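Bear in mind that the values here come from a model prediction, so they are computed numbers and not experimental data.
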Amino acid sequence: MTAIPDEATVAALVAAAFDESFYLASNPDVAAVGVEALGHYQSCGWREFRDPTAWFSIQGYLELNPDVAAAALEPFRHYLLYGRGEGRRLGPTSGERTPTDPTGSAAVAGAFDADFYVAANPDLKLDRSDAFTHFMQEGWRENRDPARWFSVARYLAANPDVRSGDLNPLVHYIQYGRREGRSFDPGSGFDPGPGFRYDLIRASEGFEHHVQALARHVPDRPASPHADLVEGLTALAQKDRVHLTVSHDDYTTTMGGVQLCLKIESAAMRAAGAAHVHLFPGRAAPVIDVDRDQPRLGVLVDGILIGYFDAPAVREAMEQTCAHKSVSVAVHSLIAHRAPDILSILETLSIDHAYYWLHDYSSLCANYALMRNDAVFCGAPPPQSLACEICSYGARRQIHLAEHARLFEAVDPIVVAPSEAALALWRRVVPFPARRAIVHTHATLETAPRRRRPPAVTVPVDSDRPLRIGFLGMPTSHKGWPVFARMVSRFADDPRYSFHHLARETVPALAIDWIHVAPGPGDETPMIDAVEALGLDVALIWSLWPETFCFAAFEAVAGGASIVTNPDSGNVHGLVRHLGCGLVVEDDVALEQMFTSGEILGLARARRRPRRQTLAYSRMTADLIPGLAP
């Protein structure tokens with residue numbers, strides 16, 4: 001196998017072959033704004049079919065090599081690394097073509113509304129003179145509209161050939177689309193078109209492509225000295241009980257619901273006098289690992305990383321250290337693990353209590369949210385059904401089912417679900433034997449004691465201000481981000497509403513107010529304070545899958561916000577129904593109608609005057625082991 005050069009070598013190769021003088025002469029609009037030529041080509045130029053040299057044609061190479069086009073690879077880089085060695089053909093060169101306006105800048109300049117663009121995108125903080133350049137280089141890729149009369153998103157939705165060709169929609173419409181009678185939805189009425197789910201399917205490159213891309217670009221961790229493993233596990237010698245947990249990552253360095261559960265569980269175990277050992281994969285992956293013979297395991301002892309080691313070394317060290325000790329096991333996730341490695345470790349231990357947590361549905365499918373092709377909740381049909389054959393997760397689902405069946409056969413764990421809804425769904429469809437199951441919730445809502453002083457930053461609540469609508473947490477599709485983004489694009493200019501994203505990171509393309517929220521030392525759950533301080537009226541928690549718990553929903557309610565969700569959101573739907581803390585809306589079309597009519601304004605905080613609440617967390621697995629006192 002030919003070794004792949006390192007990135008520095010590849011960068012040097014591309015830079016040496018790139019013709020800066022040719023590029024700037026061929027693209028006077030790039031030269032006019034004074035950007036660095038190679039950087040412009042690599043960031044966006046090749047996608048706009050701007051050729052890097054006189055002898056290489058982007059368009060010609062992609063037409064003659066459709067596999068490169070389908071994989072969305074940068075053609076010049078591909079040719080230099082692989083294509084010339086494989087004898088790939090080149091198309092007509094730039095010397096044989098004389099593009100006078102390759103980006104269409106001159107053609108569309110008169111159609112662009114700089115005042116509208118600046119006003120519609122306050123996050124960019126642009127001057128009017130910079131607006132057109134931003135739209136042509138970046139804005140259209142971020143679905144930023146160039147004028148009130150033209151919608152980038154709707155034009156691309158109505159014209160999939162323009163989207164697949166990665167063409168600037170305004171340029172295409174002005175140069176070709178209006179002559180061809182193309183639709184761009186110029187009227188005031190709203191045509192929902194095929195919807196965001198169709199966009200998700202169309203934009204997906206396929207799950208296996210994602211798996212293999214991660215495998216190529218994310219290396220395994222280098223092995224740590226064996227002495228570190230031996231020394232790290234000596235902390236177990238003084239403890240009578242060892243609690244072993246397994247999950248998909250290092251819970252001390254990442255944030256999320258599973259990670260929070262593990263932090264709480266680890267602290268509870270140590271407070272009860274038990275040692276806590278946590279195993280996580282040395283390389284991130286979205287599926288159970290069946291592709292590598294000997295991956296490494298990260299090992300944490302009492303919340304401290306001791307290193308990365310081969311599974312046989314971990315097995316031997318655990319067997320020696322845990323001899324004659326009581327051992328409990330809680331599997332929080334098998335994702336990214338090689339299941340035989342975990343089983344080989346477990347079979348050497350004298351396990352008296354074993355648990356498997358239903359944080360998601362990865363035991364039923366490689367798509368842990370049970371989203372067929374990332375777009376529609378599938379309900380986990382029979383594994384051999386046609387529904388699985390047409391899903392990009394179908395083949396990997398067979399692996400997940402088989403490996404979890406092996407775990408259940410070997411360990412016979414008690415299944416622990418954080419909600420009745422999650423357990424009912426799982427029991428209804430699980431195709432392998434699981435004899436014991438219970439519900440143990442992560443947390444409950446309680447009335448908070450009266451504060452001596454309010455949060456540091458508190459937004460006044462009054463009936464005259466816009467309704468504050470927020471999205472809490474990571475902007476992912478299965479959590480409903482596309483629906484929130486669609487509401488923002490439709491109603492950002494409506495004075496009745498303001499939109500906010502409360503999270504560690506955001507998507508800068510949207511005209512929203514981003515509130516940075518991230519846990520810190522001594523404050524693992526800052527979201528409640530952030531919701532209360534902002535005076536958030538509505539949390540749009542539009543999960544497309546049946547959430548097993550959803551900390552964000554509980555935090556939103558504790559902070560005083562109402563929840564708006566849909567019938568497919570699992571425990572979020574259950575929480576709203578049980579507490580009467582919001583609305584369950586049939587679908588995103590009905591949701592948009594509520595915004596249009598103003599019906600959603602009835603959820604304003606000023607009308608409800610919510611009481612401050614807090615979350616009382618359980619001790620997770622520590623609550624379930626008999627005799628393990630708080």
Side-chain angles (χ1 to χ4, degrees), residues 2-109 112 124 126-127 129-142 144 146 165-172 174-175 217 508:
T2 303
I4 299 176
D6 60 63
E7 190 59 35
T9 302
V10 174
L13 176 66
V14 174
F18 181 79
D19 189 336
E20 179 178 0
S21 298
F22 167 82
Y23 191 82
L24 294 176
S26 301
N27 301 287
D29 59 316
V30 177
V33 296
V35 299
E36 193 268 323
L38 178 58
H40 181 274
Y41 168 79
Q42 292 175 324
S43 64
C44 58
W46 69 270
R47 294 185 177 89
E48 299 167 349
F49 300 97
R50 300 175 188 255
D51 296 337
T53 71
W55 56 266
F56 187 88
S57 165
I58 298 291
Q59 182 176 346
Y61 191 72
L62 293 177
E63 288 175 352
L64 293 174
N65 300 281
D67 58 323
V68 179
L73 300 176
E74 198 267 272
F76 192 47
R77 175 189 172 108
H78 181 275
Y79 176 76
L80 295 174
L81 279 177
Y82 310 108
R84 58 183 177 180
E86 297 167 356
R88 301 260 188 164
R89 293 183 298 157
L90 301 178
T93 66
S94 295
E96 298 166 346
R97 304 192 310 274
T98 55
T100 57
D101 184 22
T103 66
S105 296
V108 304
F112 182 80
L124 298 177
L126 288 173
D127 291 331
S129 59
D130 300 326
F132 182 62
T133 299
H134 183 275
F135 171 77
M136 294 298 293
Q137 293 183 350
E138 305 169 48
W140 70 269
R141 298 185 184 282
E142 299 168 350
R144 299 181 189 265
D166 201 29
L167 305 175
N168 182 314
L170 181 63
V171 172
H172 185 274
I174 295 297
Q175 292 186 330
H217 298 296

What residues, two or more places apart in sequence or in another chain, satisfy salt bridge (charged side-chain N to carboxylate O under 4.0 Å, His left out) together with D130? none
Results of side-chain contact (heavy atoms from CB on, under 4.5 Å) for E20 - residues two or more places apart only: F18, L24, A37
Under a 4.5 Å cut-off applied to non-hydrogen side-chain atoms, are L170 and F135 in contact? yes
Scanning both residues in full, the closest heavy-atom pair of A131 with L126 reads CA-CD1, 4.1 Å
Mind checking side-chain contact (heavy atoms from CB on, under 4.5 Å) for A17 and listing every partner two or more places apart, or none if nothing turns up? F76, L80
H134 pairs by side-chain contact (heavy atoms from CB on, under 4.5 Å) with which of E138, M136, Q137? E138
List the residues meeting side-chain hydrogen bond (donor to acceptor under 3.5 Å, both in side chains) with Y79, not counting sequence neighbours, and say none if there are none. none
Which pairs, with at least one residue in residues 72-82 and sequence neighbours excluded, count as a salt bridge (charged side-chain N to carboxylate O under 4.0 Å, His left out)? E7-R77
W46 versus P75, closest heavy-atom pair with distance: CE3-CD, 3.3 Å
According to the interplanar angle, ranging from 0 to 90°, do the rings of Y41 and Y23 count as parallel (below 30°), tilted (30 to 60°) or perpendicular (above 60°)? perpendicular
Main-chain N/O of I58 paired with D51 side-chain donor or acceptor, under 3.5 Å: yes
Which residues share a side-chain contact (heavy atoms from CB on, under 4.5 Å) with L167, sequence neighbours left out: F49, V162, H172
